[in-house]
Amino acid sequence: MNGRKQQLLKRHRRNKRLALLLGLLVLLVLGVFVAWWLPPALLVLGWMAHEAWFADHLFYSPRDDYRYEFPEDCLSVLARLEQGLLQVEADLDGHDTLILELRLKASWLGCWLDPHVRLGNDRQDFERGVAGRRYLNLSGLQVGGLRVVPRFCCIDGELRLHAMRNPDFAAQRMLIIAPHADDAELAAFGQYSRSPGAAIVTLTQGEIEAENYQRLGLDKAAAARLKGRLRAWDSLAAPLWGGVPQERCVQLGYYCLQLPAMAEQPQTPFGSRESGESDVRSVRRHNPFTLPSDVDGQPTWDNLVADLVAVIEHYRPEVLLTPHPELDPHHDHVASTRALLEACERTQWQPNTLLLYANHLHDNDRWPMGPAGNGIALPPAITALPADRLWSPSLDAERQLDKAMALGLQHDLQGPLPLKKRLRRLIQQVLAGRRWPATGQDEFFRKAVRRHELFWVRLR
């Protein structure tokens, strides 16, 4: 997490501790002056209420407006609802990405059940208690006469449709920058699986947080080395499910959460925090070509940038996909895009377009909200983002299933949930009406397997 998200999380935890302390004082008073059995009963009920309605990491008020601006070449027109059907007086031919701006206000039920808007056979969810400007994603839907039905909320004020026109970037040669082994699948499986010229470069081994492998009798370092080997293999093998052969996949083998430190001291090697390794060549033996840092294997920033230069000049992509530097707060994701931009300054081959994606957010750990299989509404942007054009191609049901299976190939997304999370899901299912997909238990099976993928477009 970067500094901003760390501050938000600290404030969130501080507020929770204060609320817990106040609640314990109230329970103590009730136990002394009312009945001894009342505090334990209320404590159980309070815990269940917390798990059902207050366990989400939401670092802003649901009453805050999302703040988006769109580029000048975006068509923006007023829209209206007539008997629940959307009417737009504009020619939308050739516009592939359609965003409906509106204001939502939750009903009293929408403070306890997830408010959402049904768009034909689609559904897009928002924060409980929502009361502000939001953006629905209508891409891939027939807009004229589309039935729009708000549930547990109402639409308040005028509607405006933003329509954007893009080429089909998946028809161009694309190179996906994946900080970790599953990032390419989470963000762009639907696009690379239909791109004849896609290539994927994964920057890190993904060796940290390997406690689960210690059950095999391994110590912490050996477990981390095993996890690094497995995830490095995943980065080369899983894309084949989407039609990307191994000779178009590269594993650089740098170490998790060390990229920011490498950036600050470009010539200093930073080995793994957990595996004890400091030679990136340990997971490179299946790479399809030699990289500059294969000479010394040192995990330095200069070597990382040089490797990216070599990858770009080898594959000569027209489009680069990389994490959104303002929206995605993960330290490795921010540093990965920084390294890519430095590499682009040094390459003779110059790609035309950056497509930015976000697999994590500063403000909301549940986005995209709602059940799997539905559309992706725009994420919260409480702090204004650059006015980038959007590209949001659609995935049919077959490609969504393939994407879920690709995620199932990732070792880091396998394994049973901890007991605490299983209990939380059961309580939320019963009390809050939430549902999770049958394709996998990890939260990313709900968040990433959708009828849209979403990218921010920056021309170079």
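Everything numeric here is computed off the predicted structure, so don't read it as measured data.
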Original post:
Is the shortest side-chain N to carboxylate O distance from D412 to R231 below 4.0 Å?
Top reply: yes
**OP:** Start with the C-alpha gap between E185 and Q410, add the side-chain angles, then the distance that decides, and say whether side-chain hydrogen bond (donor to acceptor under 3.5 Å, both in side chains) holds.
**Re:** CA-CA 9 Å; E185 284 68 40; Q410 300 286 343; 3.1 Å; yes
Original post:
Do NZ/NE/NH1/NH2 and the carboxylate oxygens of R80 and E89 come within less than 4.0 Å?
Top reply: yes
Subject >> Residues D156, K105: salt bridge by 4.0 Å N-O rule >> reply: no
**OP:** Test T97 against S392 for side-chain hydrogen bond (donor to acceptor under 3.5 Å, both in side chains), laying out the working first.
**Re:** CA-CA 6 Å; T97 299; S392 189; 5.6 Å; no
**OP:** For R435, look at atom CZ and say whether over 12 heavy atoms of other residues, nucleotides or ligands are found less than 6.0 Å away.
**Re:** yes
Subject >> W233 atom CH2: more than 12 heavy-atom contacts under 6.0 Å >> reply: no
Original post:
With a cut-off of 6.0 Å (strictly less than), are more than 12 heavy atoms of other residues, nucleotides or ligands near CD of E69?
Top reply: no
Original post:
Taking atom types as modelled and ignoring hydrogens, do the side chains of E101 and H162 form a donor-acceptor contact shorter than 3.5 angstrom?
Top reply: yes
Original post:
For Y66, is the NZ or CZ atom of R133 found under 6.0 angstrom from the centre of its six-membered ring and inside 45 degrees of the ring axis?
Top reply: no
Original post:
Should D125 and R123 count as an ion pair when the cut-off is N to O under 4.0 Å?
Top reply: yes
Original post:
Tell me the ring-ring contact (aromatic ring centres under 6.0 Å, His included) pairs involving residues 375-397, sequence neighbours left out?
Top reply: F169-W391, W391-F455
**OP:** Could you pull out the closest heavy-atom pair between Y357 and I177, with the gap in Å?
**Re:** OH-O, 2.7 Å
**OP:** Indicate yes or no for a side-chain donor-acceptor contact from Y68 to the backbone of A384 under 3.5 Å, with no hydrogens or angles considered.
**Re:** no
Original post:
What closest approach, in Å, do S193 and R399 show between heavy atoms, and which atom pair accounts for it?
Top reply: OG-NH1, 2.7 Å
Subject >> W241 atom CH2: more than 12 heavy-atom contacts under 6.0 Å >> reply: no
Original post:
Is a side-chain N or O of D328 found less than 3.5 angstrom from the main chain of P323, in a donor-acceptor match?
Top reply: no
Original post:
In terms of side-chain geometry, is the basic nitrogen of R424 or E443 positioned less than 4.0 Å from the acidic oxygen of its partner?
Top reply: no
Subject >> D332 and H180 side chains, donor-acceptor separation under 3.5 Å >> reply: yes
Original post:
How close do P115 and E127 get, heavy atom to heavy atom, and via which atoms?
Top reply: CG-O, 3.1 Å
Original post:
Taking everything shown except Q414 itself, do over 12 heavy atoms lie less than 6.0 Å from its CD?
Top reply: yes
**OP:** Of all the heavy-atom pairs spanning F126 and M369, show the shortest one and how long it is.
**Re:** C-SD, 3.7 Å
Original post:
Do any N or O atoms from the side chain of R63 and from the backbone of G129 form a donor-acceptor pair under 3.5 angstrom?
Top reply: no
Original post:
Considering all heavy atoms of both residues, which atom of E207 and which atom of A224 are nearest to each other, and what is their separation?
Top reply: CB-O, 3.3 Å
Subject >> F152 backbone acceptor or donor facing S107 side chain under 3.5 Å >> reply: yes
Original post:
Do you see a donor-acceptor pair shorter than 3.5 Å between the side chains of Q400 and R451?
Top reply: no
Original post:
Can I200 and T202 be said to form a side-chain contact (heavy atoms from CB on, under 4.5 Å), step by step?
Top reply: CA-CA 7 Å; I200 300 170; T202 306; 4.1 Å; yes
**OP:** State whether D114 and R151 are salt-bridged, where the test is any N-O pair (Lys NZ or Arg NE/NH1/NH2 against Asp/Glu carboxylate O) under 4.0 Å.
**Re:** no
Original post:
Of T383, D363, N364, which meets side chain to side chain donor-acceptor pair (under 3.5 Å) against Y60?
Top reply: N364
**OP:** Decide, yes or no, whether a salt bridge links K403 with E453 under the criterion of side-chain N to carboxylate O below 4.0 Å.
**Re:** yes
Original post:
Just by distance, do the side chain of N166 and the backbone of L390 share a donor-acceptor pair under 3.5 Å?
Top reply: yes
Original post:
Between E82 and R147, is there a side-chain N and carboxylate O pair less than 4.0 Å apart?
Top reply: no
Subject >> Trace of the salt bridge (Lys or Arg N to Asp or Glu O under 4.0 Å) decision for D365 with K447 >> reply: CA-CA 10 Å; D365 286 348; K447 296 199 294 185; over 6 Å; no
Original post:
Can you tell me how far the CG atom of L98 sits from the OG atom of S139, to the nearest 0.5 Å?
Top reply: 5.0 Å
**OP:** Using atom types as modelled and distance alone, determine if a side-chain donor or acceptor of D122 lies under 3.5 Å from a backbone N or O of G375.
**Re:** yes
